[in-house]
Novice: 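Structure below; questions to follow.
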Protein chains: 2
Amino acid sequence: MSTTQSAPAQLGPGATIGILGGGQLGRMMAAAASRLGIRAHIYAPEATSPAFDVAAHHTVGSYDDAAALKRFAAAVNCITYEFENVPAATVAVLKDRIPVRPGERALEVCQDRLREKELAVSVGVATAPYADISNFGDLKAAIAALGCPCVLKTRCFGYDGKGQFVIRDLSQAETAYDAIGRQPAILEGFIDFTREVSVVAARGLDGAFKAYPVTENEHRDQILRRSVAPARLHPKTIQMAMSAAEGIGRALDYTGVFAVEFFVTGAGKDEQLLVNEIAPRVHNSGHWTQDGAETSQFEQHIRAIAGLPLGATTLRAPRVEMVNLIGDEVLNWPNLMAEPGCQVHLYGKGEPRPGRKMGHVVRLLQA
Amino acid sequence: MSTTQSAPAQLGPGATIGILGGGQLGRMMAAAASRLGIRAHIYAPEATSPAFDVAAHHTVGSYDDAAALKRFAAAVNCITYEFENVPAATVAVLKDRIPVRPGERALEVCQDRLREKELAVSVGVATAPYADISNFGDLKAAIAALGCPCVLKTRCFGYDGKGQFVIRDLSQAETAYDAIGRQPAILEGFIDFTREVSVVAARGLDGAFKAYPVTENEHRDQILRRSVAPARLHPKTIQMAMSAAEGIGRALDYTGVFAVEFFVTGAGKDEQLLVNEIAPRVHNSGHWTQDGAETSQFEQHIRAIAGLPLGATTLRAPRVEMVNLIGDEVLNWPNLMAEPGCQVHLYGKGEPRPGRKMGHVVRLLQA
């Protein structure tokens with residue numbers, strides 16, 4: 001029997017929000033919820049999850065432990081997640097018991113690069129040229145059609161560059177297909193982009209839409225290194241980015257914070273945006289909102305999924321910069337804490353392994 | 001055997017700070033610590049303490065349970081507190097095991113209105129005229145000397161107006177002395193003040209001093225109702241307030257955030273400040289710093305007691321307002337959350353009893 005319908009439309013102080021995933025995103029969502037008097041219950045498989053440190057309750061459980069998931073659902077008023085690869089079976093157990101926000105559709109689409117691209121196209125937003133790859137014949141034909149270089153990507157469970165292979169000439173086709181495990185894939189034409197930008201936006205339970213200013217992002221080794229908001233774009237391009245995010249949110253019937261990553265090609269009035277990825281969750285390129293916007297993306301997400309009014313997304317400074325602390329970079333914390341106006345955020349993770357996001361800093365800039 | 005000397009001078013990510021007291025101040029300190037990658041362990045007698053919701057660990061224990069306190073001390077790297085009435089015996093158990101910051105001296109002085117006044121005087125800061133009351137004879141003599149109205153206050157454990165009696169004429173002396181339980185007391189001359197202001201400041205482990213702009217406070221029924229920073233005072237008065245706070249911090253050999261409350265008399269160049277109270281902890285009149293200053297008082301306190309550099313205390317707007325939500329006022333949360341730019345902070349307390357601080361809002365004002 002479904003109890004979803006009996007859930008209150010608006011959650012307020014005293015409610016408990018369940019969060020799947022115990023990393024830094026869950027941690028910062030839990031801290032944001034506490035400001036609103038809302039408790040967090042974290043569900044994660046790892047016994048030492050950073051999010052446990054700021055949550056009223058936590059469950060150490062695997063995502064396929066139906067009994068533990070049912071107990072979790074019974075203990076909370078609403079469930080959300082910090083990562084887009086929540087297994088469909090996990091959501092199936094939860095969704096008939098308690099609202100899961102954002103819902104199944106967002107996960108289905110965002111877990112699959114092909115469906116993600118098709119959704120963007122369906123709302124009139126451009127993407128890189130792509131082809132659906134079901135077998136090796138598809139791949140050879142697509143390489144011929146899209147030209148080299150091109151990028152082979154698994155349809156599912158890609159994250160921070162894993163499950164991708166750059167093909168520089170046709171002879172690499174077999175190597176590439178093997179490298180991604182001969183899974184269902186897409187081939188993407190190579191985009192000669194000048195910049196990468198993203199829109200972090202929220203959609204309320206009532207369909208209200210609010211976006212933060214477009215953010216410009218720099219990656220290194222396929223990991224986000226630095227974000228600056230607002231991105232320096234032509235006003236027409238900004239309008240295009242906002243419309244794209246709003247259209248995507250509507251098409252997904254989305255509730256919560258999400259991010260749309262774009263490649264920018266051309267310059268000035270000729271700037272074009274191509275959707276790269278849709279992330280159905282709070283996003284690293286929105287971390288600057290913690291200190292740089294009136295409402296942080298974490299509070300905004302809690303507001304959205306709780307059915308509360310969305311908060312203001314205005315900037316608190318002319319320009320805001322966020323820099324990730326990756327691996328050993330976190331060891332610089334004493335200097336960062338001594339830097340005037342540098343807002344330090346550390347995730348409480350143990351060992352600073354290479355490539356591991358250990359924290360970030362936010363700086364409010366005057367120009 | 002003391003292990004204090006082996007404690008590291010600087011605590012960083014991964015450290016655990018113990019907090020005595022589980023109310024909203026402990027809660028907001030714990031949340032602030034989490035930003036710096038520092039865990040909180042809350043020690044409080046009440047099984048449902050708001051601070052537990054955002055702390056990595058908690059202990060439900062009474063302040064006279066020596067065994068529980070010893071276990072607590074063994075589990076943390078440093079101990080602080082959210083209320084000034086920590087019993088001396090509690091500190092005695094803890095202090096030989098682990099640093100307690102701010103230390104014993106701050107508690108001894110701030111738990112005793114007479115010693116508090118004497119400390120202010122010793123550093124050249126004015127107070128209301130007062131007299132030490134050890135017996136009823138002292139009281140009668142003091143009333144004659146200071147005149148009516150005057151205020152009889154117990155030396156110890158005063159909080160939000162409890163343990164005080166306003167004497168309007170000499171005939172009330174006996175009633176007043178009975179009302180405060182014939183305890184050691186002080187009699188204070190009535191001050192015809194125009195305003196109440198406070199300085200919230202921090203002193204680092206290295207003696208560094210940083211103060212937030214002076215804050216103007218409005219009380220209702222002896223509970224803080226509203227604070228606005230910066231207070232509109234003559235520049236000379238601001239300088240006086242800063243010097244007073246710095247002198248008091250130095251005299252207490254203080255580490256952490258503290259507040260000095262002043263009465264303001266006169267106007268313009270003739271403004272005078274009289275110390276009313278010293279609070280050896282984060283303070284309600286500093287809540288505006290959460291959104292209105294570069295570093296919140298909660299993070300500042302964690303920085304100070306952890307031996308980290310103090311953060312910038314600059315304002316984020318021309319003027320910042322904080323309004324407490326007392327009792328039923330919290331029921332207005334849906335409207336407050338819908339108000340653009342209104343930062344809502346709720347404490348996760350259950351029932352909104354009259355006089356109970358349930359939350360507060362912060363507004364950044366443009367003038």
Side-chain angles (χ1 to χ4, degrees), chain A residues 10 12-16 24 27-28 30-40 50-58 290-291 294-295 299 303 306 308-314 316-317 330-331 333-352 358-359 364, chain B residues 10 12-16 24 27-28 30-40 50-58 290-291 294-295 299 303 306 308-314 316-317 330-331 333-352 358-359 364:
Chain A
Q10 192 175 55
T16 301
Q24 65 267 25
R27 176 181 172 100
M28 293 185 278
S34 82
R35 269 182 59 139
L36 302 179
I38 292 174
R39 291 185 185 87
F52 292 173
D53 288 350
V54 289
H57 306 283
H58 69 260
Q290 283 180 310
D291 306 285
E294 282 207 23
T295 311
E299 177 169 333
R303 282 173 172 259
L308 300 170
L310 299 180
T313 55
T314 29
R316 281 185 167 160
V330 74
L331 303 177
W333 66 263
N335 292 321
L336 295 167
M337 284 193 192
E339 184 190 318
C342 179
Q343 303 286 336
V344 181
H345 298 259
L346 301 177
Y347 305 152
K349 294 180 179 177
E351 205 191 331
M358 303 298 293
L364 275 62
Chain B
Q10 192 175 56
T16 300
Q24 65 266 26
R27 176 181 171 100
M28 292 184 280
S34 82
R35 269 184 59 139
L36 303 179
I38 293 175
R39 291 185 186 88
F52 292 172
D53 288 350
V54 289
H57 306 285
H58 69 259
Q290 283 179 310
D291 306 285
E294 282 208 24
T295 311
E299 177 169 331
R303 282 173 172 257
L308 300 170
L310 299 180
T313 54
T314 28
R316 280 185 169 159
V330 75
L331 303 177
W333 65 263
N335 292 321
L336 295 168
M337 285 193 193
E339 183 190 319
C342 180
Q343 304 287 334
V344 181
H345 298 260
L346 301 177
Y347 305 152
K349 295 180 179 178
E351 205 191 331
M358 303 299 292
L364 275 62

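Residue numbers begin at 1 in each chain, while the letters A, B, ... track the order of the sequences. As the structure is a computational prediction, the values presented were derived from the model and not from experiment.
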Novice: Give, as side chain, backbone, both or neither, the part of Gln343(B) having an atom under 4.5 angstrom from any heavy atom of chain A.
Specialist: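 When you check distances to chain A, atoms from both the backbone and side chain of Gln343(B) fall under 4.5 Å.
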Novice: For Pro352(A) versus Leu331(A), what's the shortest heavy-atom pair and its separation?
Specialist: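 Looks like CG-CD2, 4.4 Å.
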Novice: Take Glu339(B) and Val344(B) through the side-chain contact (heavy atoms from CB on, under 4.5 Å) test and state the conclusion after the steps.
Specialist: CA-CA 10 Å; Glu339(B) 183 190 319; Val344(B) 181; over 6 Å; no
Novice: Could you check whether any side-chain heavy atom of Gln24(A) comes within less than 4.5 Å of a side-chain heavy atom of Lys349(A), counting everything from C-beta outward?
Specialist: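 Yes, at least one pair of side-chain atoms sits under 4.5 Å.
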Novice: Would you name the heavy atoms of Pro13(B) and Leu346(A) that are closest together and state the gap between them?
Specialist: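 Answer, listing the atom of Pro13(B) first, then Leu346(A): CG-CD1, 3.4 Å.
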Novice: Relative to chain B, which of Ala317(A), Gly348(A), Gly14(A), Ser34(A) shows the most heavy atom pairs under 4.5 Å?
Specialist: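 Looking at each of Ala317(A), Gly348(A), Gly14(A), Ser34(A) in turn, Ser34(A) comes out on top.
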Novice: With a 4.5 angstrom heavy-atom cut-off, which part of Leu36(B) approaches chain A: side chain, backbone, both or neither?
Specialist: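 Its backbone and side chain both get close to chain A.
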Novice: Which heavy-atom pair separates Ile38(B) from Ala306(B) by the least distance, and what is that distance?
Specialist: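 In this case the closest contact between Ile38(B) and Ala306(B) is CD1-CB, 4.5 Å.
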Novice: Looking at Pro340(A), Ala312(A), Ala55(A), which makes the most heavy-atom pairs under 4.5 Å with chain B?
Specialist: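 Option with the greatest count: Ala55(A).
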Novice: As an exercise: rank Pro334(B), Ala31(B), Gly341(B) by heavy-atom pairs under 4.5 Å with chain A and give me the winner.
Specialist: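 Looking at each option in turn, the highest pair count goes to Gly341(B).
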Novice: Side chain, backbone, both or neither: which part of Arg35(B) has a non-hydrogen atom closer than 4.5 Å to chain A?
Specialist: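 When you check distances to chain A, atoms from both the backbone and side chain of Arg35(B) fall under 4.5 Å.
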Novice: Give the member of Gln290(B), Glu299(B), Arg303(B) that has the highest number of heavy-atom pairs under 4.5 Å with chain A.
Specialist: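 Maximum pair count with chain A is reached by Arg303(B).
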Novice: Can any side-chain N or O of Arg27(B) pair as donor or acceptor with the backbone N or O of Pro50(B) at less than 3.5 Å?
Specialist: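 Yes, because the side chain of Arg27(B) sits within donor-acceptor range (under 3.5 Å) of the backbone of Pro50(B).
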Novice: With chain B as the partner, which of His57(A), Met337(A), Glu294(A) has the greatest number of non-hydrogen pairs under 4.5 Å?
Specialist: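 Max contact count across the listed options: Met337(A).
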Novice: For each of Asp53(A), Leu308(A), Leu310(A), Val330(A), tally heavy-atom pairs with chain B at distances under 4.5 Å, and name the one with the top tally.
Specialist: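 Among Asp53(A), Leu308(A), Leu310(A), Val330(A), the one with the most close pairs to chain B is Asp53(A).
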